[in-house]
2 protein chains.
Amino acid sequence: MNVTIYDVAREAGVSMATVSRVLNGTAVVKEETRKKVLDAIKKLHYRPNAVARGLASKRTKTIGVIVPDVSAPVVAEMVRGIEDIARMYQYHIILCNSDGQLEREKDLIGTMWEKQVDGLLFMGHDISQELVKTFEDAQLPVVLVNTVDPENRIPSVNVDNRQAAYEATQFLVKEGARRILFLGGPRSHLVLGEPRYSGYLQVMQEQMLEPLLFECEDTDYETGLTAMKQWLAQGKQLDAVLAATDELATAAMHACQEAGYQIPSQVKVISFDNSRLTFMVRPELTTIVQPLYDVGAVSMRLMTKLLHDEPVDSYSVILPHDMVIRQST
Amino acid sequence: MNVTIYDVAREAGVSMATVSRVLNGTAVVKEETRKKVLDAIKKLHYRPNAVARGLASKRTKTIGVIVPDVSAPVVAEMVRGIEDIARMYQYHIILCNSDGQLEREKDLIGTMWEKQVDGLLFMGHDISQELVKTFEDAQLPVVLVNTVDPENRIPSVNVDNRQAAYEATQFLVKEGARRILFLGGPRSHLVLGEPRYSGYLQVMQEQMLEPLLFECEDTDYETGLTAMKQWLAQGKQLDAVLAATDELATAAMHACQEAGYQIPSQVKVISFDNSRLTFMVRPELTTIVQPLYDVGAVSMRLMTKLLHDEPVDSYSVILPHDMVIRQST
DNA sequence: CTGAAAGCGCTTACAG
DNA sequence: CTGAAAGCGCTTACAG
């Protein structure tokens with residue numbers, strides 16, 4: 001048998017209620033009683049059972065975190081931000097991977113409910129009506145992490161991807177580039193697809209330049225390499241590439257180099273994310289900085305506000321992005 | 001109010017015990033009764049409360065996962081392996097970062113106990129006596145993930161780092177290298193420190209070659225770049241570098257290239273980990289493959305065996321490593 | 001400031 | 001094959 005709050009109460013000569021009070025600070029307890037309880041706790045090496053507490057209080061101090069895939073560095077970085085802030089507020093996180101599949105996402109939301117999490121941090125590619133309905137059914141506070149709800153029905157923390165792409169493209173134009181290729185991820189991806197496309201597109205239209213789009217099915221290096229080679233094989237001329245991720249950008253650089261282009265003198269490259277990759281490739285990548293850790297941290301902070309009924313400035317937080325200029329431009 | 005097992009029982013005209021039985025399959029239930037219960041569950045949209053279940057059954061179906069830092073790609077990869085297998089066996093994971101600090105690790109083990117996790121997957125750099133004691137106090141099944149307990153007191157899943165380093169060094173010798181530098185992480189690190197050092201050292205001694213060791217305080221690119229430049233500044237000649245991580249190896253390549261060495265013709269480089277970095281740098285890195293995902297997956301599988309009293313072949317699993325030869329050798 | 005008691009929503013012997 | 005009842009270890013009105 002393990003030591004319970006009952007044992008502590010007996011040892012200290014008080015009631016369980018009193019032990020609970022000193023444990024949780026939920027009511028004033030006479031200093032003397034308090035000390036007796038604390039001594040008993042120490043003596044018995046008592047540790048409260050969080051499951052029992054969760055059942056009784058209906059708060060588990062646990063947050064469900066659903067991500068497409070933790071093994072993606074970009075995701076892992078945000079998860080770290082989430083966990084750091086969670087700990088700060090005495091929460092734990094249950095982490096699940098959805099692979100971005102709707103069925104799995106819905107299933108996970110259900111099991112998160114079963115686990116009685118206090119709230120849900122959700123990362124995904126697309127917030128469909130069906131998903132919103134599932135969130136509602138679960139009756140859980142939800143914060144979208146680096147995930148946009150086009151209709152803003154759900155609190156979220158994001159970066160302005162459209163604006164970032166706009167600025168990056170404008171930078172390329174200022175540097176003299178005219179034939180600028182956008183090497184993008186799946187357009188349906190509401191974070192790194194459409195918004196980045198459209199920011200790029202706007203500059204091209206404003207500048208009366210011909211948009212050159214290549215939509216990759218995925219955002220990894222291998223996909224990018226194939227895509228870029230394919231594009232180059234068409235024999236079109238090129239001044240610059242704006243790539244939707246660091247891996248795509250790296251692939252673009254390599255494909256261009258292989259095709260005989262000098263970077264940055266002949267072709268300039270800008271990427272998104274500012275992952276560690278950007279300074280480990282040659283030339284080092286100029287890149288849009290996404291404050292990924294902060295996106296995770298702010299999401300979790302927003303969650304604590306929702307949970308504790310603290311005032312919230314904005315339910316759709318946009319974190320500032322930045323651009324780091326390195327050797328590829 | 002939420003719908004509980006009591007509501008289902010009433011709706012189906014049976015007892016709560018019976019509902020529990022069809023829910024958990026813990027006893028044979030007449031098909032007809034079973035159907036009534038299932039219908040009631042569906043009708044009421046009933047979902048069992050896992051917290052109550054956890055309290056009553058003393059099994060939470062939750063595993064605590066303590067890692068130094070999820071945002072390290074190597075770690076994230078293992079966590080993904082863990083979570084996949086956990087899901088397969090209907091477990092969830094609570095993820096925590098320790099930053100490899102003993103105090104935090106001990107603290108986390110305690111809170112994991114409070115959360116009543118069924119078991120603990122632990123990743124760290126060093127398994128001290130104090131930590132072992134904390135594990136014992138928590139009375140939880142523990143599996144070490146990519147973490148060695150020098151005295152083998154705790155079940156673990158690892159790769160034979162010593163052997164891997166031995167083979168890599170031997171490969172370099174066969175390729176004609178004589179002056180081989182080992183660019184290592186902190187020697188105190190029981191996974192990527194000492195074992196890799198010693199495998200390297202053994203070959204050098206067998207071959208009567210002078211060992212050239214450089215111990216970095218960390219294993220990241222920046223540290224490696226500084227270290228390697230410092231080493232090269234001594235003006236010593238070099239045929240090859242064996243680096244303890246992909247980032248260190250990348251740094252070594254860049255420092256050598258900057259110093260005018262051709263890779264691989266003048267200096268060969270081999271790294272550890274086979275992360276995505278290895279094929280995104282030029283030249284692509286020859287590397288020791290660590291089956292990281294599998295290390296995580298097998299650890300979790302071992303945990304389920306411990307939890308369900310399944311027979312276990314070995315409590316210290318060693319997974320096979322491999323070597324991928326690319327352009328850097 | 002403190003205690004007695006009900007209750008959180010399940011599981012699990014026990015009995016039949 | 002099924003039910004009644006105790007119990008898991010806490011919290012929380014309620015009362016004083």
Side-chain angles (χ1 to χ4, degrees), chain A residues 1-38 40-41 44-62 90 110-118 139, chain B residues 1-38 40-41 44-62 90 110-118 139:
Chain A
M1 266 329 294
N2 232 302
V3 25
T4 71
I5 198 171
Y6 176 77
D7 301 315
V8 175
R10 199 179 33 184
E11 174 75 26
V14 301
S15 72
M16 289 162 50
T18 300
V19 177
S20 175
R21 286 183 191 111
V22 343
L23 234 34
N24 299 301
T26 47
V28 192
V29 176
K30 211 204 301 175
E31 189 51 34
E32 191 190 327
T33 322
R34 204 179 118 79
K35 192 169 172 332
K36 278 194 296 184
V37 171
L38 258 17
I41 287 175
L44 301 178
H45 295 293
Y46 169 71
R47 271 188 172 273
N49 179 324
V51 174
R53 172 180 288 172
L55 181 59
S57 69
K58 297 184 156 299
R59 269 174 278 110
T60 55
K61 286 287 200 171
T62 303
Q90 325 247 53
T111 58
M112 288 298 189
W113 184 91
E114 291 187 0
K115 286 279 187 178
Q116 301 286 106
V117 298
D118 294 339
Q139 303 199 61
Chain B
M1 264 331 291
N2 233 301
V3 24
T4 72
I5 198 171
Y6 175 77
D7 302 314
V8 176
R10 198 179 34 185
E11 174 75 26
V14 301
S15 72
M16 289 163 49
T18 300
V19 178
S20 175
R21 286 184 192 110
V22 343
L23 234 33
N24 299 302
T26 47
V28 191
V29 176
K30 210 204 301 175
E31 189 51 34
E32 190 190 328
T33 323
R34 204 178 117 77
K35 193 170 170 334
K36 279 195 295 184
V37 172
L38 258 17
I41 287 175
L44 302 178
H45 296 292
Y46 169 71
R47 272 188 172 272
N49 179 325
V51 174
R53 173 180 288 172
L55 181 59
S57 69
K58 298 185 156 298
R59 269 175 277 108
T60 54
K61 285 288 202 168
T62 304
Q90 325 248 52
T111 59
M112 287 298 189
W113 184 92
E114 291 187 1
K115 286 280 187 178
Q116 301 286 104
V117 297
D118 294 338
Q139 303 199 62

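Values in this document were obtained by computation on a predicted structure and should not be read as measured data. Within every chain, numbering begins at 1; the chains are lettered A, B, ... in the order of the sequence lines, protein sequences first and strands thereafter.
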Query - Closest to the B/V28 side chain, choosing from D/dC8, C/dG9, D/dC1 - result: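 Of the options given, the side chain of B/V28 lies nearest D/dC1.
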
Query raised in the report: OP1 or OP2 of D/dG9 sitting under 4.0 Å from any side-chain N/O of B/K58?
Result: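 Yes.
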
Query raised in the report: Does a nitrogen or oxygen in the side chain of A/S15 sit under 4.0 Å from OP1 or OP2 of C/dA4?
Result: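 For A/S15, the contact criterion (side-chain N or O under 4.0 Å from OP1 or OP2 of C/dA4) is not met.
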
Report task. Could I get the full list of side-chain hydrogen bond (donor to acceptor under 3.5 Å, both in side chains) partners for A/K115, not counting sequence neighbours? Result ->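 By the side-chain hydrogen bond (donor to acceptor under 3.5 Å, both in side chains) rule, A/K115 matches B/T62.
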
Query raised in the report: For B/T26, what residues pass the side-chain hydrogen bond (donor to acceptor under 3.5 Å, both in side chains) criterion, not counting sequence neighbours?
Result: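 side-chain hydrogen bond (donor to acceptor under 3.5 Å, both in side chains) list for B/T26, sorted by chain: empty.
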
**Report entry** Whole-Å distance separating the CD atom of A/E32 from the C1' atom of C/dT2
**Finding:**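 Atom CD in A/E32 sits about 13 Å away from atom C1' in C/dT2.
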
Query raised in the report: Could you state the interatomic distance from OG1 (B/T18) to NZ (B/K36), rounded to the nearest 0.5 Å?
Result: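 Spacing of OG1 (B/T18) from NZ (B/K36) equals 9.0 Å.
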
Query - Residue met sooner reading DNA chain D from 5', once B/G13 and A/L55 are mapped to nucleotides - result: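 Of the two residues, B/G13 wins.
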
Requested in this report: Check DNA chain C for consecutive Watson-Crick or G-U pairs with both distances under 3.5 Å and list the runs of at least three as stems.
Outcome: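 Output for stems: C:1-3 with D:14-16, C:5-12 with D:5-12, C:14-16 with D:1-3.
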
Got a sec, which residues hit side chain to side chain contact (heavy atoms under 4.5 Å, CB included) with [X], two or more places apart in sequence or on another chain?
{"X": "A/A56", "answer": "none"}
{"X": "A/K30", "answer": "A/E32, A/T33"}
{"X": "B/R34", "answer": "B/V22, B/V29, B/E31, B/L38"}

Query raised in the report: Listed by chain and number, what are the salt bridge (charged side-chain N to carboxylate O under 4.0 Å, His left out) partners of B/R47, not counting sequence neighbours?
Result: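 Expected list: A/E114.
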
Query raised in the report: Reading nucleotides 10-16 of chain C from the 5' end, what letters show protein touch, with B for base, S for backbone sugar-phosphate only, - for no heavy atom under 4.0 Å?
Result: BBBB---

Query raised in the report: Base, sugar-phosphate, or nothing: which does B/V51 touch, judged by heavy atoms less than 4.0 Å apart?
Result: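 Nothing, no nucleic acid heavy atom in range.
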
Query - Pairs involving residues 9-18 of chain B, ordered by first then second residue, that meet salt bridge (Lys or Arg N to Asp or Glu O under 4.0 Å) (sequence neighbours left out) - result: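 Every pair satisfying salt bridge (Lys or Arg N to Asp or Glu O under 4.0 Å) with a residue in residues 9-18 of chain B: B/D7-B/R10, B/E11-B/K43.
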
